[in-house]
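Here it is, the structure, as structure tokens.
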Amino acid sequence: MNDLCNNEKSLGGNLWKLLPADDRLSELISQRYNLPYLVSKIIASRGIAVEDVASFIEPKLQTLMPDPYCLKDMKKAAERIAQAIIKGEKIGIIGDYDVDGATSTSVLRLFLESSGINPAVHIPEREEGYGPSCAAFDEFSAQGIKLVITVDCGTTAFDVFDYAASQGFEVIVLDHHEAEVKLPQVSALVNPKRLDEDNDYEYLKYMAAVGVVFMSIVAINRELRQQGFYKIRPEPKLMEMLDLVALGTVCDVVPLLGLNRAFVRQGLKVMSQRRNIGLKALIDSAGISEAPEAFHLGFVLGPRINACGRVGEAALGNRLLCSKNTQEAEHLAEKLNEFNAQRKEIEGYVLLNAIEILESTPQEYPIAFVYGKDWHQGVIGIVAGKLKERYNVPSFVMSIEDDEVKGSARSIPGVDLGALVMSAKEQGILTKGGGHTMAAGFSLTEDKLEEFRRFVGEYVLQRLGHEAITPVIEVDGELDVAGATTALADKLALLEPYGSGNNEPKLMLHHVRINKPTIVGSGHIRCFLGGDNGGSIKAMAFRIADTELGKSLLQSSGSLYDVVGVLRKDNWQGRNSVQFIIDDAKRI
């Protein structure tokens with residue numbers, strides 16, 4: 001496979017890089033766990049130790065979830081919330097408008113409701129801004145609430161919590177965002193990213209907020225059980241909430257490693273039972289007819305819940321996921337569908353405008369830097385991601401409203417957006433901002449736009465240079481057409497769920513002929529791949545008919561290709577076979 005490592009670009013404009021794996025380790029994994037060598041090689045290349053393979057291919061909560069009290073302040077939080085439940089106190093919840101925020105809020109709300117508490121929920125609209133606000137605490141104060149739990153937010157809300165304390169509130173924070181050395185003055189702050197955490201379970205840092213909330217309700221439930229609360233009422237079935245935990249975990253794009261794999265694997269099983277009325281309605285309205293997979297969570301269900309926070313009513317996601325009425329759930333699911341369609345339309349308008357600006361103006365720096373006065377703030381993050389994918393450069397998209405500019409950025413390897421935004425704040429270019437390596441959000445005044453563009457351009461230039469940036473496809477292994485069997489696909493399925501930190505394996509089929517290529521649907525190409533050693537496999541390449549890759553496949557005339565893509569089961573209309581999804585190809 002030495003030709004994989006050369007500098008020849010593919011028809012898709014990519015370089016291919018073979019991921020390294022220890023042959024000895026791969027063989028050891030293969031023998032110990034009775035796995036095909038290719039599957040073992042993929043596991044080894046992902047850094048999974050031999051002793052951890054069993055929990056990787058069959059993740060279980062009972063082996064991967066530690067005692068919740070291993071997290072600092074968890075015992076304090078659990079004892080206080082349990083006390084509030086036993087006494088029937090009023091409780092307020094502050095969440096966030098994305099999927100992790102909606103699912104975190106819903107898991108906590110459903111647990112409290114099962115324990116006899118009907119909490120007041122505040123989900124901020126996007127215009128209100130992320131996290132807790134003084135206005136939210138004023139709302140709770142008017143309702144006589146003094147205990148407030150923030151989920152998926154709050155770790156750095158110093159000023160707001162100072163105000164809350166002055167108004168006599170007790171606050172408990174359940175979060176997963178980056179923490180500072182200083183922590184806000186609250187009753188308890190549970191966050192695996194606290195800098196003073198012991199880190200005995202490193203993978204807890206990967207959790208989405210909904211994972212932190214699930215660990216918290218396990219702890220609260222234990223306190224209630226120990227105090228005899230369930231002697232007179234049924235104990236809630238916590239495992240039935242794992243469908244929401246899986247949804248938030250996948251959609252927050254946290255690494256699907258360690259405990260997160262168990263959350264998603266078990267959560268998908270729960271979701272297939274269709275117990276949550278709101279999720280069931282959303283699945284049906286989205287037209288999902290098979291058992292949901294991680295793909296459906298990230299690309300079908302998640303965007304619909306996100307849409308209500310982007311262009312609709314932020315609280316609708318939580319209302320849907322907590323609905324106990326089928327008719328109401330179906331109505332809310334349809335509204336989310338409508339918001340998602342609206343979001344797509346708005347997103348398409350902004351994306352088209354952004355592309356026109358970038359492609360009609362000479363670009364001084366290796367960045368995509370665009371802004372507009374009528375661009376909806378709810379879609380700029382999605383547009384930034386699409387520009388990054390289209391041009392393979394760090395992308396910054398901004399919306400101007402009343403002299404305030406709000407922006408979102410997405411990066412490529414080599415440019416740390418979190419550090420970039422922090423540096424721009426320190427220099428007084430940005431008024432607000434934060435993020436991590438690959439994504440960030442920020443605010444500035446309109447008169448600082450040109451200064452920020454130069455700052456970003458020079459920052460990126462220093463790290464990437466002027467050379468054109470060629471995207472790289474990482475290839476996990478080589479496969480014969482004759483070896484692309486349903487048995488292999490079944491073994492590859494042991495690596496699911498796929499997502500951040502555990503991508504679906506990219507495989508190369510070497511020296512194949514493209515037979516019977518034809519255009520189907522909206523620019524897709526269907527064909528059959530014939531191997532040197534016999535065998536044939538159905539293949540699909542999506543949305544490529546008008547690209548160089550697509551044109552080459554359509555005019556292949558029996559020429560030989562190397563193709564890269566993924567092997568999947570094909571169960572359409574009850575058949576039991578496999579198909580190859582083509583991502584890229586090289587003509588030999």
Return yes if some donor-acceptor pair links the side-chain N/O of Asn191 with the main-chain N/O of Leu174 below 3.5 Å, else return no. no

Pairs flagged by salt bridge (charged side-chain N to carboxylate O under 4.0 Å, His left out) wherever residues 256-265 is involved - sequence neighbours left out: none

With a 4.5 Å heavy-atom cut-off, do Glu364 and Arg454 have their side chains touching? no

Just so I know, are the side chains of Pro366 and Leu461 near enough to count as touching, which here means a heavy-atom distance under 4.5 Å? yes

Tell me whether Thr485 contacts the main-chain N or O of Leu488 through its side chain, where contact means a donor paired with an acceptor under 3.5 Å. yes

With a 4.5 Å heavy-atom cut-off, do Ile305 and Leu247 have their side chains touching? yes

So Asp175 and Thr155, side-chain hydrogen bond (donor to acceptor under 3.5 Å, both in side chains) or not? Walk me through it. CA-CA 7 Å; Asp175 196 10; Thr155 296; 2.6 Å; yes

Contact check, side chains of Arg568 and Ile581, non-hydrogen atoms, under 4.5 Å: yes

Residue pair Leu567 / Ile537: nearest heavy atoms and the distance that separates them: CD1-CD1, 3.7 Å

Salt bridge check: are Asp562 and Arg587 linked by an N-O gap of less than 4.0 Å? no

Given Met215, which of Leu259, Val245, Val210 fulfils the side chain to side chain contact (heavy atoms under 4.5 Å, CB included) condition? Leu259

Quick one: does Leu71's side chain get under 4.5 Å of Leu204's, heavy atoms only? yes

Judged by atom type as modelled, is there a donor-acceptor pair below 3.5 Å linking the side chain of Lys425 to the main-chain atoms of Gly433? yes

Would Leu560 and Val512 count as a side chain to side chain contact (heavy atoms under 4.5 Å, CB included) if you check the C-alpha gap in whole Å, the side-chain angles of each, and the deciding distance to 0.1 Å? CA-CA 5 Å; Leu560 286 174; Val512 298; over 6 Å; no

Asp196: salt bridge (Lys or Arg N to Asp or Glu O under 4.0 Å) partners, not counting sequence neighbours: Arg194

State, to 0.1 Å, how close Val53 and Tyr33 come at their nearest heavy-atom pair, and which atoms those are. CB-CE1, 3.5 Å

Sequence neighbours left out, what passes salt bridge (Lys or Arg N to Asp or Glu O under 4.0 Å) with Lys72? Give chain and number order. Asp198

Check ion pair Lys205-Glu197 (N to O, under 4.0 angstrom): no

With rounding to the nearest 0.5 Å, note down the distance linking CG in Leu549 to CD1 in Ile544. 4.0 Å

Using atom types as modelled and distance alone, determine if a side-chain donor or acceptor of Asp480 lies under 3.5 Å from a backbone N or O of Ala482. no

If we count only N and O atoms by modelled type, under 3.5 Å, do the side chains of Ser552 and Tyr561 hold a donor and an acceptor together? yes

Taking salt bridge (Lys or Arg N to Asp or Glu O under 4.0 Å) as the test, write out the residues that go with Asp67, two or more places apart. Arg222

Answer whether the closest heavy-atom distance between the side chains of Leu257 and Tyr203 falls below 4.5 Å. no

List the steps, then state whether side chain to side chain contact (heavy atoms under 4.5 Å, CB included) holds for Tyr391 with Ile355. CA-CA 10 Å; Tyr391 301 110; Ile355 291 171; 3.5 Å; yes

Could you go through the side-chain hydrogen bond (donor to acceptor under 3.5 Å, both in side chains) check for Asn14 and Asp584 one step at a time? CA-CA 8 Å; Asn14 306 296; Asp584 202 359; 2.8 Å; yes

Report the residues that fulfil side chain to side chain contact (heavy atoms under 4.5 Å, CB included) with Lys60, sequence neighbours left out, ordered by chain and then residue number. Glu58, Gln62, Thr63

Does a side-chain heavy-atom distance below 4.5 Å link Asp252 with Asp98? yes

State whether the side chain of Asp546 and the backbone N or O of Gly523 hold a donor-acceptor pair below 3.5 Å, judged by distance alone. no

Ser30 side chain to Leu35 backbone, donor-acceptor under 3.5 Å: yes

Taking all heavy atoms of Ala21 and all of Ser26, pick out the closest pair and write down the distance. CB-OG, 4.1 Å

Is any side-chain heavy atom of Val218 closer than 4.5 Å to one of Met74? no

Pairing donors with acceptors under 3.5 angstrom, does anything connect the side chains of His176 and Asp152? yes

With a 3.5 Å cut-off and sequence neighbours excluded, list the donor-acceptor pairs that the side chains of residues 379-390 form with protein atoms.
| residue | atom | partner | partner atom | Å |
| --- | --- | --- | --- | --- |
| Lys386 | NZ | Glu347 | OE2 | 2.7 |
| Arg390 | NE | Glu359 | OE2 | 3.4 |
| Arg390 | NH2 | Glu359 | OE2 | 3.3 |

Would you say the side-chain atoms of Ser216 pair up with the backbone N or O of Val212, donor to acceptor, closer than 3.5 Å? yes

Who passes salt bridge (Lys or Arg N to Asp or Glu O under 4.0 Å) against Lys506, sequence neighbours left out? Asp583

Under the side chain to side chain donor-acceptor pair (under 3.5 Å) rule, what pairs show up with a residue in residues 511-524, not counting sequence neighbours? His511-Asp532

Nearest heavy-atom approach of Trp16 to Ser10 is NE1-CB, 3.6 Å

Does the Ser423 side chain pair with the main chain of Ala419, one donor and one acceptor, at a distance under 3.5 Å? no

For Asp23, all residues meeting side-chain hydrogen bond (donor to acceptor under 3.5 Å, both in side chains), sequence neighbours excluded: Tyr37

According to ring pair (Phe, Tyr, Trp, His ring centres under 6.0 Å), who are the partners of Phe452, at least two apart in sequence or on a separate chain? Phe369, Phe442

Here the salt bridge (charged side-chain N to carboxylate O under 4.0 Å, His left out) pairs for residues 38-47, sequence neighbours left out, are Arg46-Asp476

Verify whether one side chain among Ser408 and Arg410 offers a donor that lies under 3.5 Å from an acceptor in the other. yes

Mark yes or no for whether Thr361, through its side chain, and Leu358, through its backbone, hold a donor-acceptor pair below 3.5 Å. no

Acceptor/donor pairs from residues 290-299 side chains to any protein atom, 3.5 angstrom cut, sequence neighbours excluded:
| residue | atom | partner | partner atom | Å |
| --- | --- | --- | --- | --- |
| Glu290 | OE2 | His296 | NE2 | 3.4 |
| His296 | ND1 | Glu293 | N | 2.9 |

Working to the nearest 0.5 angstrom, can you tell me the gap between Phe263 CZ and Leu242 CG? 7.0 Å

Between Ser104 (side chain only) and Gly101 (backbone N and O only), is there a donor and an acceptor less than 3.5 Å apart? no

Go through the steps for Lys551 and Leu11 under the test side chain to side chain contact (heavy atoms under 4.5 Å, CB included), then give the verdict. CA-CA 10 Å; Lys551 292 171 183 175; Leu11 290 167; over 6 Å; no

Search all heavy atoms of Pro59 against all heavy atoms of Leu64 and return the closest pair with its distance. CB-CD1, 3.7 Å

Using salt bridge (Lys or Arg N to Asp or Glu O under 4.0 Å), reason through Asp490 and Lys569 one step at a time and then give a plain yes or no. CA-CA 8 Å; Asp490 286 336; Lys569 293 286 291 289; 2.9 Å; yes

Heavy-atom closest contact (Cys527 atom, Pro517 atom, distance): CB-CA, 3.8 Å

